[in-house]
Structures are given as structure tokens and as C-alpha cells.
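Order of the sequence lines sets the chain letters (A, B, ...), proteins ahead of strands, with each chain counted from 1.
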Amino acid sequence: MDDKVKLKKEDIEYKVDNIVATVTLEIDKKIDLVHVARKFIDSEYNPERFPGIVLRVPEPKATFLIFSTGKMVVTGSKTENKLKKAVTKVVKDLKSIDIKIEDYTIKIENFVASGGLNKRIDLNLATIMMEYSLYEPEIFPGLIYYMRDPKASFLIFSNGNFVCTGVKHEHQIAEAIFKLKDVIQENEIYYKSEEKSSSEEIVFI
DNA sequence: CTAGTATAAAAGCGTT
DNA sequence: AACGCTTTTATACTAG
């Protein structure tokens, strides 16, 4: 279902887990959120708590935040295609309750991806070798790494698993992971051979 | 097992 | 002017 992507000989594998996007609806007057909330029985609207309506679409699964200005935030999609389908559905539903929408534009704001380096990482060494990294195991078990180019943030765990977030273009995910692997390799931040490796290490043939 | 901790990003309203 | 709120999601580690 979720496409794994391979990059050259380096086995860079990752999976997109979440996409955040904004949608701008072309409307000529503000949207009456009370009206929308009444028509969409499964929506949540507590203006005291948050100015937008929360609408969850089951298929394709996605959650929308709808604002009176005609802007929407979409979260939870794993592919651009599913994101577009969910948006099409919501726009159609809004039109069906008398909201005039001339057109709309979708802009992806953030990709969240996860994957695994193929080795355990010495986070204590990593945080002293890598600039722009933070590691406070008492607070969070992952090392936080702020990559500048491409601009991306990583959560790196001792078992080699990681989360990459903050990139706006899908191609930057593999690029960022490639660079991360490079930094780890260059500085030999991983645990050498079987030192501290777990039994789940995958052996190549 | 659940909740909180940490990451990014947008929206718009309320509070420092 | 700058947050906090709200939503999503992977990851993992601790405390009830």
C-alpha cells in the first residue's frame, strides 16, 4: 500500500506516514461555519476552543480543519493522490450544502516520513559529533536533528529508526535521508560491528 | 495499556 | 508581535 522508495545502491527506504496541506477555496463571502456544522453531523465545532470546524473523512482517511475564510488544513493523508481525493470529496459536500466554490488550490505544507538506518546509533556520540542536534534522553528518547539543507527535522533513535518531518517536497525526503546517512557514516556514529547490535540485525548475502 | 514527552506545518482567534 | 490552541503521524521511553 505505502510505497517504499529505494535510492541507488544505498538502501534508503522510507514511508510517508502523514501529509499536511492547506486548501484555499475561491469563495465570494465568508463561510457560515454554524451552517456547515449543522449539516455535517459528524463534524466538531467549538469556536471557544478553536476557530475552525474539525471534519473527519473516513475514506480516503483525512481530517479537515475548515475556516470561515475558505481556507482549510488537511492532515492524515499518506499519498498525494488520496489527499486530492479527500479534498475533492469535501469540496463536493460543501457545494451540496449551498456553499459556492468557484475553484480551489491545494498546497502541501509538510511531509512526515519514517524509516530505519540499518544500524544501531550511538546517540551520545551523535549529539557531540553532529551540529544542530539535541539529545535529552530524560525528556525524549530520540535525538533531534535539525538539518539545514534540505531543511528537515529528524528524530533519530538508538535502534536506527527515524522520523523525518518538515519538508515540503517529496523528493527532499530521500535527499535528507541520504545526507543523514552520510553524516552518520562520516563521523562513525553507529555502533561498530556486533558491539551493541541487537539480534534483529539484517544480514546481507 | 494509556498518557505524556518531542518534531513539523498550516489555519485564525484569543491572550500576553 | 509572538504564542497557545487543534489536527495528524511515525518513533520510543517512562510513569501510573
Side-chain angles (χ1 to χ4, degrees), chain A residues 1-5 13-25 27 30-34 36-37 40 42-80 82-83 86-87 90 94 104-118 120-121 123-124 126-127 130 132-170 172-173 176-177 180 198 200:
Chain A
M1 208 40 85
D2 299 318
D3 24 359
K4 295 253 179 147
V5 177
E13 259 184 37
Y14 70 85
K15 164 167 79 27
V16 172
D17 300 304
N18 182 27
I19 297 175
V20 180
T22 47
V23 178
T24 302
L25 301 173
I27 52 175
K30 287 203 160 199
I31 293 174
D32 179 356
L33 297 184
V34 174
V36 175
F40 295 173
D42 49 342
S43 69
E44 295 170 20
Y45 182 44
N46 301 304
E48 324 270 300
R49 193 176 174 220
F50 191 70
I53 285 179
V54 177
L55 178 68
R56 293 184 171 79
V57 175
E59 189 53 45
K61 190 183 169 193
T63 296
F64 287 70
L65 300 182
I66 307 171
F67 302 92
S68 61
T69 57
K71 293 256 191 173
M72 306 196 286
V73 173
V74 192
T75 61
S77 298
K78 292 192 188 298
T79 67
E80 292 195 43
K82 288 180 178 178
L83 163 65
V87 172
V90 169
L94 286 171
Y104 62 87
T105 53
I106 300 174
K107 180 177 182 236
I108 292 182
E109 307 285 358
N110 181 28
F111 278 94
V112 180
S114 62
L117 304 167
N118 289 311
R120 291 183 57 83
I121 306 298
L123 300 181
N124 288 305
T127 196
M130 296 162 79
Y132 309 103
S133 68
L134 282 180
Y135 179 46
E136 293 176 83
E138 308 277 305
I139 297 174
F140 189 72
L143 175 148
I144 302 153
Y145 177 51
Y146 303 97
M147 184 176 281
R148 282 87 59 243
D149 184 31
K151 185 171 175 280
S153 293
F154 282 89
L155 297 181
I156 304 165
F157 303 90
S158 61
N159 63 4
N161 286 341
F162 66 82
V163 173
C164 173
T165 185
V167 314
K168 286 182 150 57
H169 301 284
E170 191 154 15
Q172 296 174 329
I173 301 173
I177 296 170
L180 172 67
S198 64
E200 53 187 285

Q. Do the side chain of A:D32 and the main chain of A:V34 share a donor and acceptor less than 3.5 angstrom apart?
A. yes
Q.
In this structure, how many angstroms lie between the P atom of B:dA8 and the CZ atom of A:F162, rounded?
A. 17 Å
Q: Please confirm whether the backbone N or O of A:E109 pairs with a side-chain atom of A:K168, one donor and one acceptor, at under 3.5 Å?
A: yes
Q.
Does A:S77 reach a base, just sugar-phosphate, or nothing at all? Heavy atoms under 4.0 Å.
A. nothing
Q. Under 4.0 Å between a side-chain N or O of A:T165 and OP1 or OP2 of C:dT8?
A. no
Could you go over nucleotides 10-16 of chain B and give all protein N or O partners under 3.5 Å, atom names and distances?
{"unit_1": "B:dG12", "atom_1": "OP1", "unit_2": "A:T69", "atom_2": "OG1", "d": "2.5"}

**Q.** A:S153 vs B:dA8: side-chain N/O to OP1/OP2 distance below 4.0 Å
**A.** yes
Q) With no angle test and no hydrogens, is the base of C:dA10 tied to the side chain of A:D17 by a donor-acceptor pair under 3.5 Å? A) no
Q: Whole angstrom is fine here: how far is it from CD in A:E138 over to C1' in C:dA12?
A: 14 Å
Q: Using a heavy-atom cut-off of under 4.0 Å over every strand shown, decide if A:F64 touches base, sugar-phosphate, or nothing.
A: nothing
Q. Under 3.5 Å, side chain of A:K78 to main-chain N/O of A:D17, donor-acceptor pair present?
A. yes
Q. Between atom CG in A:L134 and atom C1' in C:dT11, what is the gap in whole Å?
A. 17 Å
**Q.** Closest nucleotide among C:dT9, B:dT7, C:dA12 to the A:P141 side chain
**A.** C:dA12
Q) Quick one: A:R120 CZ to C:dA12 C1', roughly how many Å, whole number? A) 12 Å
**Q.** Approximate separation, where rounding is to 0.5 Å, of A:Y14 OH and A:S114 OG
**A.** 11.0 Å
Q.
Using a heavy-atom cut-off of 4.0 Å across all strands, would you classify A:G142 as base, sugar-phosphate, or nothing?
A. nothing
Q.
Can you tell me how far apart CD1 (A:I177) and CD (A:Q172) are? Round to the nearest 0.5 Å.
A. 12.0 Å
Q.
Could you tell me how far apart A:N46 (CG) and C:dT7 (C1') are, to the nearest whole angstrom?
A. 14 Å
Q | Minimum-distance nucleotide to A:V54 side chain [options: C:dT7, B:dA9, B:dT7] | A | C:dT7
Q: Could you tell me the separation between the OH atom of A:Y135 and the P atom of B:dT7, rounded to a whole number of Å?
A: 15 Å
Q. Any idea which heavy atoms bring A:F140 and A:Y135 closest together, and the distance?
A. O-CE1, 4.5 Å
**Q.** Of the listed nucleotides C:dC13, C:dT9, C:dT11, the one nearest the side chain of A:F140
**A.** C:dT11
Q) How many Å lie between CD1 on A:I121 and C1' on C:dT11, as a whole number? A) 14 Å
Q: Please tell me which of the listed nucleotides, B:dT7, B:dA9, C:dT7, lies nearest to the side chain of A:L155?
A: B:dT7
Q: List the atom of A:E170, the atom of A:F111, and the distance in Å for their closest heavy-atom pair.
A: N-CE1, 3.5 Å
Q: Would you check if the side chain of A:N110 reaches a backbone N or O of A:G166 as a donor-acceptor pair within less than 3.5 Å?
A: yes
(Q) Please report the distance, rounded to the nearest Å, between CG in A:L123 and C1' in C:dC13. (A) 12 Å
